[in-house]
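So the structure is just underneath, and the comments pick up after that.
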Amino acid sequence: MAISEAILLSSEHKLYGRSRHVAAMLEALDRINRGAGEIVLLPGLSGTGKTTLAETLRRPVVANNGYFLVGKFNQYDRNIPFVAWQQALAQFCDLLLRDDEVQRSQMVAEILEAVGSNGQLLLDLVPEFARLIGPQPPLAVINPQEAQHRFAGLVRNVLQAICRPEHPLVLFLDDWQWADAASLRLLDHLEVGSSLRYLLVLAAYREDEIEFNPSWKEMLDRKSTRLNS
């Protein structure tokens, strides 16, 4: 995975000069529409407009027939893995269920091909998918390390089925300072920009609270490139 862009929000000035950040976000979106895969970091104190900044992309994404999905981590659910991922993918299910039958059938066929014999993993993560792909066979029993790789591969395959030139995806996951360790590992293993293209992941977090999540801080220090304000 490569974090190719990071946008710094001004903690002291409440997003003064925000037009600069909006322009950078739109440039990232343009690259995604042309086949890139990127992760954009949105740090800032609480109330500095991270969500507002991310939401500026919703209209152009939808206008381009893309998907704009949102998930949010919660400080009281840190012992529950993948909360924000589940929320975002459940939104996708709702959107697909409202889509026309031809497009929905095509997407369901692609998702079924993507999950293969591991469809139950997807239902365990997002029960709402049962309305689209139906019941799935039991999973093969494997050791814990293999199970982690199997899960990451499943999510990557499903996102590959969703992220296409005809419908790119923006995935806004908020409050990463409260993310569980499994969600951090998943983001690290999704191969955004190589295996996953036509995908923009917006990862927002409160920079004054990141010290409470050393795993996330280590990941930022190791992989982020910052676009200074």
Side-chain angles (χ1 to χ4, degrees), residues 1-3 37 39 67 69-74 77-97 99 101-173 176 178-201 203 213 215-216 218-219 222-223:
M1 181 198 68
I3 299 178
I39 297 174
Y67 298 108
L69 306 178
V70 180
K72 187 179 180 70
F73 294 103
N74 188 302
D77 292 329
R78 295 179 71 173
N79 61 329
I80 303 176
F82 310 118
V83 167
W85 300 96
Q86 190 277 331
Q87 293 171 0
L89 288 172
Q91 288 179 16
F92 171 75
C93 291
D94 291 339
L95 290 172
L96 197 56
L97 285 165
D99 211 340
E101 185 175 352
V102 173
Q103 292 189 32
R104 181 170 64 250
S105 297
Q106 181 179 351
M107 177 61 73
V108 169
E110 292 171 353
I111 291 173
L112 283 169
E113 182 178 357
V115 301
S117 61
N118 297 318
Q120 186 58 47
L121 269 180
L122 182 60
L123 300 186
D124 291 342
L125 175 65
V126 189
E128 289 84 351
F129 268 102
R131 299 171 63 188
L132 293 167
I133 66 173
Q136 295 293 303
L139 294 168
V141 178
I142 56 179
N143 67 53
Q145 184 174 6
E146 290 174 329
Q148 287 184 16
H149 290 297
R150 179 174 67 179
F151 180 79
L154 171 99
V155 176
R156 184 167 57 247
N157 290 345
V158 170
L159 289 175
Q160 282 177 331
I162 297 172
C163 304
R164 297 294 178 88
E166 60 270 25
H167 40 71
L169 170 63
V170 172
L171 184 60
F172 173 40
L173 301 179
W176 272 95
W178 293 323
D180 57 283
S183 289
L184 294 169
R185 288 194 299 268
L186 179 59
L187 181 64
D188 201 13
H189 293 144
L190 280 183
E191 301 176 6
V192 177
S194 54
S195 295
L196 280 176
R197 301 167 57 221
Y198 301 100
L199 171 65
L200 177 59
V201 179
N213 195 328
S215 297
W216 178 230
E218 186 274 335
M219 183 178 171
R222 177 165 48 92
K223 296 197 170 186

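The shown structure was predicted, so the numbers you read here are calculated from the model rather than taken from an experiment. Numbering starts at 1 and runs along the sequence shown.
Atom CG of Leu123 and atom CG of Asn118 lie 11.5 Å apart (nearest 0.5 Å). In this structure, Glu166 CD and Gln103 CD are separated by 9.0 Å, a value rounded to the nearest 0.5 Å. Separation of atoms CG (Leu69) and CD (Gln87) is listed at 11.5 Å; rounding is to 0.5 Å.
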Point to revise | Derivation of the side chain to side chain contact (heavy atoms under 4.5 Å, CB included) call for Leu154 and Gln120 | key: CA-CA 10 Å; Leu154 171 99; Gln120 186 58 47; over 6 Å; no

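Proximity of Asn74 to Ile80: side-chain heavy atoms (C-beta onward) are nowhere separated by under 4.5 Å. Looking at heavy atoms from C-beta onward, Phe129 lies in side-chain contact with Ile111 at the 4.5 angstrom threshold. Between Leu199 and Ile162, the closest side-chain pair of non-hydrogen atoms is not below 4.5 Å. Taking 4.5 Å as the limit, every side-chain heavy atom of Leu187 sits out of range of all side-chain heavy atoms of Leu173. Leu139 places a side-chain heavy atom less than 4.5 Å from the side chain of Arg150. The closest side-chain heavy-atom distance from Cys93 to Leu132 is below 4.5 Å. Residues Val115 and Leu121 have side chains not in contact (no heavy-atom distance under 4.5 Å, counting atoms from C-beta outward). Taking the side chain as every heavy atom from C-beta outward, Asp77 and Lys72 never approach each other to under 4.5 Å.
Here Asp94 pairs with Arg98 under the side-chain contact (heavy atoms from CB on, under 4.5 Å) rule; sequence neighbours left out. With sequence neighbours excluded, the residues satisfying ring-ring contact (aromatic ring centres under 6.0 Å, His included) with Tyr67 are Phe92, His167. The side-chain contact (heavy atoms from CB on, under 4.5 Å) test applied to Ala182 returns Pro81, Phe82, Asp180, Arg185, not counting sequence neighbours. Legend: residues meeting side chain to side chain donor-acceptor pair (under 3.5 Å) with Ser117, ordered by chain and number and at least two apart, are absent. A search for side-chain contact (heavy atoms from CB on, under 4.5 Å) contacts involving Val155 returns Leu125, Phe151, Leu159, Leu186, Leu190, not counting sequence neighbours. Qualifying side-chain contact (heavy atoms from CB on, under 4.5 Å) partners for Ser195, counting only residues two or more places apart in sequence or in other chains: Arg156, Gln160, Glu191. Among residues two or more places apart in sequence or in another chain, the ring-ring contact (aromatic ring centres under 6.0 Å, His included) test is passed with Phe73 by Trp176.
The shortest non-hydrogen separation linking Arg104 to Leu97 is NH1-O, 3.5 Å. Ala152 approaches His189 most closely through the heavy-atom pair CB-CB, 4.3 Å. Closest non-hydrogen pair, Gly193 versus Arg197, comes out as O-CG, 4.4 Å.
Asp188 places no side-chain N or O within 3.5 Å of a backbone atom of Leu184 that could act as its donor or acceptor partner.
For residues 108-132, the set of pairs meeting the salt bridge (Lys or Arg N to Asp or Glu O under 4.0 Å) definition, not counting sequence neighbours, comprises Glu110-Arg164. Residue pairs meeting the side chain to side chain donor-acceptor pair (under 3.5 Å) criterion with at least one member in residues 138-148, sequence neighbours excluded, are Asn143-Glu146.
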